[in-house]
Amino acid sequence: MADTGAVPTPPTSPPQGPLARAERFVWLTARVLEQHLFAHHFRGGGAGPVETALDAYRNADGGYGHGLEPDLRGPVSQPLHTARALRVLDAVGRCGGRRAEDVCRYLTSVSTADGALPAIHPGQRGYPAAPFVPVVDDPPGELLATGPVVGLLHRSEVWHAWLFRATDFCWRAAESLERSHPYEVQAAVAFLDHAPDRARAEAAADRLGRLVRRRRLAALDPDDLDTCPVAPGYAPGEHHFPHDYARTPGSLARAWFTDEEMARSLDFLSAEQQEDGGWPVRWRQWAPGPSLEARPMVTIEALRTLEAYGRPVG
């Protein structure tokens, strides 16, 4: 029987509290997918409606497209879309079985010679894309694209031939980083948090945390952002904070920060909720549609991070 979930109770009017304000924002602005995700995480909604909504972005090749990741438009499957799909499936406990096999079939078809994923497959050419994700004819494999996918598949105990070489690539990339930027570090954490060799992952994460602090890749004091320069190519104000790396207390990245640093970070995250109930997009905004679609995603992620650390959101 299909998992339809309960029909959400209408929100209070006027909305009271961070969660109710965020819910109103989601109903005003979000895609159907994020509406069902919000209901699943915070209102007792089922996994089935989320999975059904996600199917609208699925292609016959096993990958996902159609703007699932808002900064890439058009119908073609892309690794970044597929990574987003896996995060959604993982969030509702559906990242496995035949669906995972189809995803791995797609990943195999677009992998580079070293078994990794390119950030953008050349099939994107001709469709709109954010200017900070250029399309090239022969893109290299990148930890940015590969790490989150491999981490989620390991988390769900998926085993497929594609994973062996992709896992080796992630180990080499994560353990050899000397210079990096926040999104690549986040991708490394997504891999290390679920890599099967836990002792090796802890050692790699410890080294990576020292790099983050040495290179000032985390804004440790939200009240003094001048001490943390924005990475080259990022938008003005596109800082990253401890909570961006350690989304849950169980993340290996949590050990990189003191309790005081994490508390300040979470205070800042909580205070970022805007008057309309949503959280802001900090990366470069290049078109109205992608920015509108991204904010509900960011809002749900913010609420889940605060909830994971025991911060009140209700």
Side-chain angles (χ1 to χ4, degrees), residues 79 82-83 86-87 89-91 93-97 100-101 103-104 107-108 111-117 119 140-218 220 240-263 265-266 301 304-305 307-310:
T82 304
L86 288 175
R87 286 198 291 275
L89 292 169
D90 175 72
R94 297 289 179 90
C95 187
E101 292 178 13
V103 166
C104 289
L107 299 174
T108 302
S111 292
T112 57
D114 52 6
L117 297 172
E142 295 190 27
L143 180 61
L144 180 72
T146 314
V149 170
V150 173
L152 282 172
L153 292 175
H154 280 306
R155 171 180 163 88
S156 295
E157 299 183 341
V158 172
W159 291 103
H160 187 276
W162 177 79
L163 265 175
F164 291 97
R165 294 185 66 212
T167 299
D168 288 342
F169 171 88
C170 289
W171 280 125
R172 291 193 304 272
E175 292 175 331
S176 64
L177 287 176
E178 296 295 340
R179 301 177 66 89
S180 189
H181 59 92
Y183 291 118
E184 186 175 47
V185 172
Q186 286 180 300
V189 171
F191 166 68
L192 294 172
D193 273 349
H194 306 296
D197 187 335
R198 299 312 301 153
R200 186 177 179 183
E202 289 170 8
D206 179 69
R207 177 184 174 278
L208 190 59
R210 284 184 273 114
L211 181 148
V212 165
R213 297 189 74 95
R214 184 172 67 251
R215 305 291 300 182
R216 292 185 295 168
L217 299 181
L220 301 179
H240 284 70
F241 301 87
H243 68 263
D244 290 312
Y245 298 107
R247 288 285 181 185
T248 69
S251 172
L252 291 174
R254 175 62 185 87
W256 301 352
F257 310 106
T258 68
D259 291 347
E260 183 181 1
E261 289 166 347
M262 184 57 70
S265 181
L266 293 169
E301 288 176 1
R304 293 193 72 201
T305 298
E307 189 176 59
Y309 280 94

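What you are looking at is a predicted structure, and each value in this text was computed from that prediction instead of being measured.
For the pair Leu220/Glu260, no side-chain contact is recorded, criterion being any heavy-atom separation below 4.5 Å from C-beta on. Between Val149 and Thr82 the shortest side-chain heavy-atom distance does not fall below 4.5 Å. Taking 4.5 Å as the limit, some side-chain heavy atom of Trp162 sits within range of a side-chain heavy atom of Leu117. Residues Leu89 and Leu152 are not in side-chain contact: their nearest non-hydrogen atoms beyond the backbone lie 4.5 Å or more apart. Between Asp259 and Arg254, the closest side-chain pair of non-hydrogen atoms falls below 4.5 Å. Here the side chains of Pro182 and Asp244 are not in contact, with every heavy-atom distance at 4.5 Å or above. The shortest distance between side-chain heavy atoms of Trp171 and Leu192 falls below 4.5 Å. Arg247 is listed as a side-chain neighbour of Glu301, based on a closest heavy-atom distance under 4.5 Å.
By the ring-ring contact (aromatic ring centres under 6.0 Å, His included) test, Phe241 is found to be paired with His243, Phe268, residues two or more places apart in sequence or in another chain being considered. Scanning for salt bridge (Lys or Arg N to Asp or Glu O under 4.0 Å) contacts around Asp90 gives Arg155, with sequence neighbours left out.
Closest approach of Ala246 and Ala253 over heavy atoms only: CB-C, 3.8 Å. Taking each heavy atom of Ala188 and Ala174 in turn, the nearest pair found is CB-CB, 4.5 Å.
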Trace of the salt bridge (charged side-chain N to carboxylate O under 4.0 Å, His left out) decision for Arg210 with Asp206: CA-CA 6 Å; Arg210 284 184 273 114; Asp206 179 69; 3.1 Å; yes
Does the side chain to side chain contact (heavy atoms under 4.5 Å, CB included) test come out yes or no for Val103 and Val158, once each step is laid out? CA-CA 11 Å; Val103 166; Val158 172; over 6 Å; no
What verdict does the salt bridge (charged side-chain N to carboxylate O under 4.0 Å, His left out) test give for Glu261 and Arg213, after you've listed the backbone C-alpha separation in whole Å, the side-chain angles of each residue and the deciding distance to 0.1 Å? CA-CA 12 Å; Glu261 289 166 347; Arg213 297 189 74 95; 2.9 Å; yes
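Between His154 and Trp159, the ring planes are perpendicular. Angles over 60° get that label, and only those under 30° would be called parallel. Ring-plane geometry between Tyr245 and His240 is classed as tilted, the angle between the planes lying from 30 to 60 degrees on a 0 to 90 degree scale.
Sorted by first and then second residue, the side-chain hydrogen bond (donor to acceptor under 3.5 Å, both in side chains) pairs with a member in residues 184-197 read Ser180-Glu184, Asp193-Ser251; sequence neighbours excluded.
A salt bridge (Lys or Arg N to Asp or Glu O under 4.0 Å) with Arg207 holds for exactly one of Glu178, Glu202, Glu175; it is Glu178.
Within a 6.0 Å radius of CZ in Arg214, other residues, nucleotides and ligands contribute more than 12 heavy atoms.
In terms of modelled atom types and a separation under 3.5 Å, the side chain of Trp256 and the main chain of Ala205 share a donor-acceptor contact.
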